[in-house]
Amino acid sequence: MEFQEVIKKRVGIRSFTDQQISEEDICAIVKDAQRSPSWANAQATKVYVAVGETLKKIKAEHFERVGKAEKGNSDIPTAPRQTWGEKSLQNQDQLMKDWGTFFSGDLKPFITSQKVLYNASAMIYLTVPRTAPQWALIDLGAFGQTLMLAAQDRGIGSTPAHEIVKFPDEVRKYVGIPDDEIVAMGIALGYPTDEKINQFVSQRMPVEDVLTLKK
Ligand SMILES: Cc1cc2nc3c(=O)[nH]c(=O)nc-3n(C[C@H](O)[C@H](O)[C@H](O)COP(=O)(O)O)c2cc1C
């Protein structure tokens with residue numbers, strides 16, 4: 001795929017088919033992501049992938065806990081929306097409005113997609129050591145984006161989601177992630193369905209609103 005096309009086609013996919021991703025593809029995608037930069041080439045990001053029976057168990061427990069309205073307890077705590085700054089707060093509100101319009105006010109498909117973890121065929125968990133400096137999370141973010149673009153290049157959709165890591169004990173139990181690593185980022189992977197939810201395209205601010213070019 002042309003690089004520009006990969007960038008444009010990468011959008012959050014929240015409904016996947018039952019088609020499995022081959023181990024070769026998973027391995028190749030992670031290998032591509034390993035080309036991302038990191039502080040002094042520290043390469044602190046670790047990748048855990050749940051598929052098959054393991055993922056089935058995670059999905060079942062997740063469904064049950066969300067059904068009981070259990071509060072998430074992610075390793076990276078969520079923060080009050082106000083702390084993101086005024087403009088980001090407006091953008092977040094706009095996203096909710098846009099979802100509402102897209103689904104004509106009925107957000108059930110969106111809520112269900114979270115509950116069933118998007119029916120992902122592979123779930124990626126990115127971790128860094130608990131003791132690592134904040135810089136390691138910058139590296140991890142770059143790793144995650146490269147991973148999603150590498151997946152897109154192979155026709156595999158993705159979505160990063162807090163939903164995936166909001167019960168880290170559930171993930172640790174089934175995937176075997178040690179306590180001294182932060183379960184920082186979850187990325188769902190799979191082949192997109194034709195469902196309406198996958199047609200949603202989020203807005204971006206005009207580039208002038210984020211770019212300062214000083215001559
Ligand atoms: C750290 C992070 C957490 C996110 N958490 C969720 C989530 O819990 N549920 C969800 O549906 N999308 C989640 N998203 C996806 C964002 O809503 C999405 O990336 C954003 O609206 C831009 O849309 P796009 O990815 O389609 O371009 C998350 C994205 C990031 C980077």
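Start at 1 and go down the list; that is how both ligands and their atoms are numbered. For reference, positions follow the sequence shown, starting with 1.
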Aromatic plane relationship, Phe102 with Phe200 - under 30° parallel, 30 to 60° tilted, over 60° perpendicular: perpendicular
Donor-acceptor pair, side chain of Ser74 and main chain of Lys166, under 3.5 angstrom: no
Any donor-acceptor N or O pair under 3.5 Å, side chains Thr78, His162: no
Distance-only polar pair, side chains of Tyr48 and Glu181, donor-acceptor under 3.5 Å: yes
List, for ligand 1, each N/O atom that has a protein N/O partner under 3.5 Å away, with both atom names and the distance.
from     : atom 1 : to     : atom 2 : distance (Å)
ligand 1 : 5 (N)  : His162 : N      : 2.8
ligand 1 : 8 (O)  : His162 : N      : 3.2
ligand 1 : 8 (O)  : Glu163 : N      : 3.0
ligand 1 : 9 (N)  : Gln114 : OE1    : 3.0
ligand 1 : 9 (N)  : Tyr118 : OH     : 3.4
ligand 1 : 11 (O) : Arg14  : NE     : 2.7
ligand 1 : 11 (O) : Arg14  : NH2    : 3.4
ligand 1 : 11 (O) : Gln114 : NE2    : 2.8
ligand 1 : 12 (N) : Arg14  : NH2    : 3.1
ligand 1 : 14 (N) : Pro160 : O      : 3.0
ligand 1 : 23 (O) : Ser202 : OG     : 2.9
ligand 1 : 25 (O) : Arg10  : NH1    : 2.9
ligand 1 : 25 (O) : Arg10  : NH2    : 3.4
ligand 1 : 26 (O) : Gly12  : N      : 2.8
ligand 1 : 27 (O) : Arg10  : NH2    : 3.0
ligand 1 : 27 (O) : Ser202 : OG     : 3.3
ligand 1 : 27 (O) : Arg204 : NH2    : 2.8

Sequence-distant partners of Arg204, side chain to side chain donor-acceptor pair (under 3.5 Å), two or more places apart: Ser202
Any donor-acceptor pair under 3.5 Å from Thr83 side chain to Pro80 backbone: yes
